[in-house]
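Since the model is a prediction, treat every value here as computed from it, not as a measurement. In the text below, chain A, chain B and the rest are named by the order of the sequence lines, each starting its count at 1.
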Amino acid sequence: MFILSSNFNNLSHFYWLVNLLKLIETVKRSKIKYLLQSDLVDNQVNAKGWVRTKREGKNVTFIALNDGSTIKNIQIVVDMEKLPEATIKDINTGACISVNGVLVKSQGKGQSVELIAEHIEILGLADPEVYPLQPKKHSLEFLREIAHLRPRTNTISAIMRIRHNLAFAIHKFFNDKGFFYMHTPIVTGSDAEGAGEMFRVSTLDPKTPPLNEDGSVNYKEDFFGKETNLTVSGQLEAEVGAMSLGEVYTFGPTFRAENSNTSRHLAEFWMIEPEMAFYDLNDNMDLAEEFVKSIISYILDNCMDDLEFLDKRAADEEKNKPQNERNELGLIERMKFVVENEFERLEYTEAIQVLLNSKPHKKKKFKFPVEWGIDLQSEHERYLVEKHYKKPVILTNYPKDIKAFYMKQNPDGKTVGAMDILFPGIGEIIGGSQREENLEKLKTRMEEMDVPESELWWYLELRKFGTAPHSGFGLGFERMMLFVTGMGNIRDVIPFPRTPQNAEF
RNA sequence: UCCCCCUUAGCUCAGUUGGUUAGAGCGGUUGACUGUUAAUCAAUAGGUCCUUGGUUCGAGCCCAAGAGGGGGAGCCA
């Protein structure tokens, strides 16, 4: 490893070596992001990271090194005479190395600074015959199969950095507004949340579970003494927070055991659910719109390097699409457009009118019929958002029969105070409502919809004791990730996607 | 869960009406060359054609079942 041993033939070389070893010991590692924008030019520095490419020459070799701190690589310049051949041979794509040397102004074009290597230690080899991430284009499908290595690509690492920033922006938004972050349970004893199939949580032996006399499983002997599942929503518990702390939000994992095989669904995803006392439906919409705009702005303000890369990537993808499927705006343009424009707000009933008057309806292009009372299909939502209004749309006051039991019943007796925000290309990104705060009305609705009161006695007591108007909504974190990264498949915006038949890694 | 499509070299794909030694680009390896930018040029290695069964003189190609992947729909965030 002590590479200068061949030159170690007189006293000056000896001191040179001693000084170098001292430097290597004392120079602390700098992140590449910092080195690239730093004032450390002409200083001894250390960088550690993974080799992206190596361009070998007779006299000089160039290494593009990335440590994940930024999408940009630092260029390592290696004087072939300073390092042993064996070391250079082992510096392959994917290898992890530690480089000591002097940061200098670049002599070449394409980068402002570069690192002149004086010593390179190989921390981890990567055999090029078998390392799957070679410097060439890989499909996203292939990368999904190597989810443990894919964050070493430009695309996935950019997405993961944005993911962090988006999560941070969400916490910042709510914190700045005086909301409290509430941790609602992951294991839930209630199966009445009404948001789809659930994953069972049990410690019983699946082969020989204890049985009741009638042959059914005796869950009294299970860990919690009752049937338990992974949560499908933290909303009901968040309402407890709203009715005590005023304004709260949850941000945690959510599980749906639906057999959904689409580019917009995961079995395990993250959801943000604010819940606010004294907010009516309009207050709710105002908050949701401000929230969405705020977090998108944060990404625009703090992730431009990564956004520019993804913008270019998306533009390249667009070129392969047929003309009519192409986006009129690029990724960054779309984000700016959403931040700068008012969302279109209209009632469900008006939306049905718009659809009935639409060209595709008149030409019978819709697969599903349009009439008051239907749940809007993807094709209908897409028409409203992408063709008619060409911007995010907030739909309100849906028929009560297609919405959940807890939504505020409107005076007309037909609709409830729901609001969904529809985004271009993604569909429903937010679903929310004002909650029914009247105990009797809520009980009646639960009875009509076969929601067992016994399970939700505590939820009802929020209305029994000091009830108040309140509202809230849920935002699918990964759906927002789709929007701010321009990616098309939700499996590419979460580190380790869980979908039907897939829980690898 | 339903509909459609795909599965051939490490990756992305081509492969004619079923016919003899299965191809390309990228990547790898070797060499040349160069302050290079996913460098360039040359040579070279690399295949259980997803699996099982069937039809046929003969199957990468046709048929059936299964497995895996993708797109769309439903459910939803």
Quiz question: going by heavy-atom distance under 3.5 Å, is there a donor-acceptor pair between the base of B:U37 and the side chain of A:Asn73?
no
Please state whether the rings of A:Phe405 and A:Tyr459 are parallel, tilted or perpendicular, taking 30° and 60° as the class boundaries.
perpendicular
**OP:** Measure centre to centre between the rings of A:Phe291 and A:Phe174, then say whether the value is under 6.0 Å.
**Re:** yes
**Prompt:** Between the side-chain atoms of A:Lys58 and the base atoms of B:C33, is any donor-acceptor pair under 3.5 Å?
**Reply:** no
*Is a side-chain donor or acceptor of A:Arg256 paired with a backbone partner of A:Val232 at a separation under 3.5 angstrom?*
yes
**Message:** Any donor-acceptor pair, under 3.5 Å, between the side chain of A:Ser260 and the base of B:C75, if you only look at N and O atoms?
**Reply:** yes
Original post:
Should A:Arg382 be listed as having a side-chain N or O under 4.0 Å from OP1 or OP2 of B:A73?
Top reply: yes
*Under-4.0 Å side-chain N/O to phosphate OP1/OP2 contact, A:Arg264 with B:C75*: no
Taking the C1' atom of each, how far is B:A38 from B:G71, in whole Å? 29 Å
Discussion item. Quiz question: going by heavy-atom distance under 3.5 Å, is there a donor-acceptor pair between the base of B:C76 and the side chain of A:His265?
Written reply: yes
_With rounding to the closest Å, how many angstrom separate the C1' atoms on B:C49 and B:G18?_
15 Å
task = Check every strand shown and say whether A:Glu145 touches a base, only sugar-phosphate, or nothing at a heavy-atom separation below 4.0 Å.
result = nothing
Base, sugar-phosphate alone, or nothing: which one does A:Ile426 contact when heavy atoms must sit under 4.0 Å apart? nothing
Item checked: Side-chain-base donor-acceptor pair under 3.5 Å for A:Glu129 and B:G27 -> no
Any donor-acceptor pair under 3.5 Å joining the side chain of A:Gln107 to the base of B:G35? yes
NA contact type, A:Lys367, heavy-atom cut-off 4.0 Å: base, sugar-phosphate, or nothing?
nothing
- Considering only NZ, NE, NH1 and NH2 on the basic side and carboxylate oxygens on the acidic side, decide whether A:Asp280 and A:Lys408 come within less than 4.0 Å. no
Note to self: Please determine whether a side-chain nitrogen or oxygen atom of A:Arg256 lies at a distance below 4.0 Å from atom OP1 or OP2 of B:C76.
What the structure shows: no
Quiz item: Taking atom C1' in both B:G60 and B:A14, what distance in whole Å separates the two?
Solution: 12 Å
Practice prompt. Using a 4.0 Å heavy-atom cut-off across all strands, classify A:Lys54 as base, sugar-phosphate, or nothing.
Written response: nothing
Worksheet item: Can you check whether A:Arg144 has a side-chain N or O nearer than 4.0 Å to OP1 or OP2 of B:G70?
Response: yes
Testing B:G69, B:G35, B:A38 for proximity to the side chain of A:Ser106, the answer is B:G35
Margin query: Side-chain N or O of A:Asn92 versus OP1/OP2 of B:G28: is the shortest distance under 4.0 Å?
Written below: no
Does A:Gln111 make a side-chain donor-acceptor contact with the base of B:U37, cut-off 3.5 Å?
yes
- prompt: With sugar-phosphate meaning primed atoms plus P, OP1 and OP2, does A:Thr93 contact a base, only sugar-phosphate, or nothing at under 4.0 Å between heavy atoms?
  reply: nothing
Applying the Watson-Crick and G-U criteria (both distances under 3.5 angstrom) with [ ] for crossing and | for other-strand pairs, one obtains for RNA chain B (((((((..((((.....[...)))).(((((.......))))).....(((((..]....))))))))))))....
Is the distance from OP1 or OP2 of B:U30 to the nearest side-chain N or O of A:Lys89 less than 4.0 Å? yes
Give me the ring orientation class for A:Tyr383 and A:His388: parallel if the planes are under 30° apart, tilted from 30 to 60°, perpendicular past 60°. tilted
Notebook entry, point to check: Are A:Arg334 and A:Glu328 close enough for a salt bridge, meaning some N to O gap below 4.0 Å?
Noted result: no
Walking RNA chain B from its 5' end, the first of A:Gln501 and A:Leu475 to be reached, judged by nearest nucleotide, is A:Gln501
